[in-house]
Amino acid sequence: MSEFDNENKRGYLKEEFRFFHLKEQKTDSFSLHYHTFNKIVIFIKGDVTYLIEGKHYKLKPWDIILVSKNQIHMPIINPTKTYERFILWINDEFLQKDTSESFDLLSCFHMTSNNNHLLRLTNNNLELIKYRIYALKDSMTDNYLGHYTIKKCLFLQLIVVINRFFIGNGKIDNTVDVVYDKRIESLLKYINNNLESDLSIDTLSKIVFLNKYYLMHLFKEQIGYPIHKYIQEKRLIKSCILIKQGILLSQVCLDCGFGDYSTFVRTFKKKYGLPPKDYLKSINQWL
């Protein structure tokens, strides 16, 4: 069973959080994707490189990967090895309710905006994580009185500890296995901050001072997407966010950099299976 077998087709998360313990030997590959919720992957074993927004993390047992909502990612796995991991899907609104003025439980995810996604712990700190992970796993089959409260408390304890390690001094082993191209990292920041602007290949090649054909090749090699597809995906992600915020669809079209309204509607419908107006209705019904 894959985590994707349990996922709503639009990537929504109704619950406050979901927990999976998956172990499989796959013969097919994962594809690039994103979620509208935050995700934590705790890697147990296998031969896996995790690709997140152009950064390739070569994983070691008990590495923790944090993927913020709307970040494009996928695991690149060796299908001859069993891939085992714990996965947490996390609803923003749930953590925001339990956040105090002095401590934001989403801090570890905010930090991934700087492309820092991997937490590799020392042995002592790792034992604290293991204890809480296995306690949470055991609680998932508990149906006795107060079982939900226990699950919620164990989950929040785990999130607090991960935040402490991610933010604190002794958090990360400096020998993190990560490979990326700084030129592409810079370009990704520009794209994501200027989705409403002209992002033609000619414009982007001038920004990073690269031949446009070489840039297209390098981008596909680093990201896994052709550059035009990446831009389109990010514009669609932003359009969904703005639609949920109640922004007029004509303004959404402009703010997301679509050339004209008909192109926006056609592209949106091809991706999500329904036009923006119907998408908004479905969101309101689902809520």
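This is a predicted model, so every value here is computed, not measured.
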The reported gap from NZ in Lys39 to CD1 in Ile52 (rounded to nearest 0.5 angstrom) is 8.5 Å

Qualifying salt bridge (Lys or Arg N to Asp or Glu O under 4.0 Å) pairs, either residue in residues 202-222, two or more places apart | Asp202-Lys212

What about Phe209 and Leu199, same hydrophobic cluster or not, with Ile/Leu/Val/Met/Phe/Trp/Tyr joined at side-chain heavy-atom distances under 4.5 Å?
-> no

Aromatic ring pairing Tyr134/Phe86, orientation class (parallel under 30°, perpendicular over 60°, tilted between) | perpendicular

To the nearest 0.5 Å, what is the distance between CG (Asp260) and CZ (Phe258)?
-> 10.5 Å

Quick check, are the ring centers of Phe155 and Phe94 under 6.0 angstrom apart?
-> yes

Using a distance-only test with no angle check, is there a side-chain donor-acceptor pair under 3.5 angstrom linking Asp142 and Ser139?
-> no

Salt bridge present between Arg120 and Asp177 (N-O < 4.0 angstrom) | yes

Of all residues at least two apart in sequence or in a different chain, which pass the side-chain hydrogen bond (donor to acceptor under 3.5 Å, both in side chains) check with Lys271?
-> Glu233

At what distance, to the nearest 0.5 angstrom, does OH of Tyr50 lie from CZ of Phe43?
-> 11.0 Å

Qualifying residue for ring-ring contact (aromatic ring centres under 6.0 Å, His included) with His73, from His117, His56, His35 | His35

Determine the interplanar angle of the Tyr261 and Phe264 rings, folded into 0 to 90°, and report it as parallel if under 30°, tilted if 30 to 60°, perpendicular if over 60°.
-> perpendicular

Sidechain-backbone polar pair: Lys234 side chain, Asn70 backbone, donor-acceptor under 3.5 Å | yes

For Thr122 and Asn124, test the side chains for any donor-to-acceptor distance below 3.5 angstrom and give the result as yes or no.
-> no

The reported gap from NZ in Lys244 to CG in Leu280 (rounded to nearest 0.5 angstrom) is 11.0 Å

Applying side chain to side chain contact (heavy atoms under 4.5 Å, CB included) between Cys256 and each of Leu242, Ile241, Leu195, report the one that passes.
-> Leu242

Lys/Arg cation over aromatic Tyr83: Arg85, 6.0 Å, 45° cone | yes

Ignoring hydrogens and geometry, is there a side-chain-to-backbone donor-acceptor pair from Ser68 to Phe109 under 3.5 Å?
-> yes

Are any non-hydrogen side-chain atoms of Leu88 and Leu158 less than 4.5 angstrom apart?
-> yes

Close side-chain approach of Asp63 and Tyr57, heavy atoms under 4.5 Å | no

Partners of Asp255 by side-chain hydrogen bond (donor to acceptor under 3.5 Å, both in side chains), sequence neighbours excluded?
-> Gln251

Answer yes or no: is there a donor N or O on one side and an acceptor on the other, between the side chain of Asn194 and the main chain of Ser197, under 3.5 Å?
-> no

Measure the shortest side-chain to side-chain distance between Phe37 and Asp92 over non-hydrogen atoms and say whether it is less than 4.5 angstrom.
-> no

Quick one: pull up OG in Ser200 and CD1 in Ile227 and give me the separation to the nearest 0.5 Å.
-> 9.5 Å

Any luck finding a side-chain donor-acceptor pair between Glu53 and Tyr230 under 3.5 Å?
-> yes

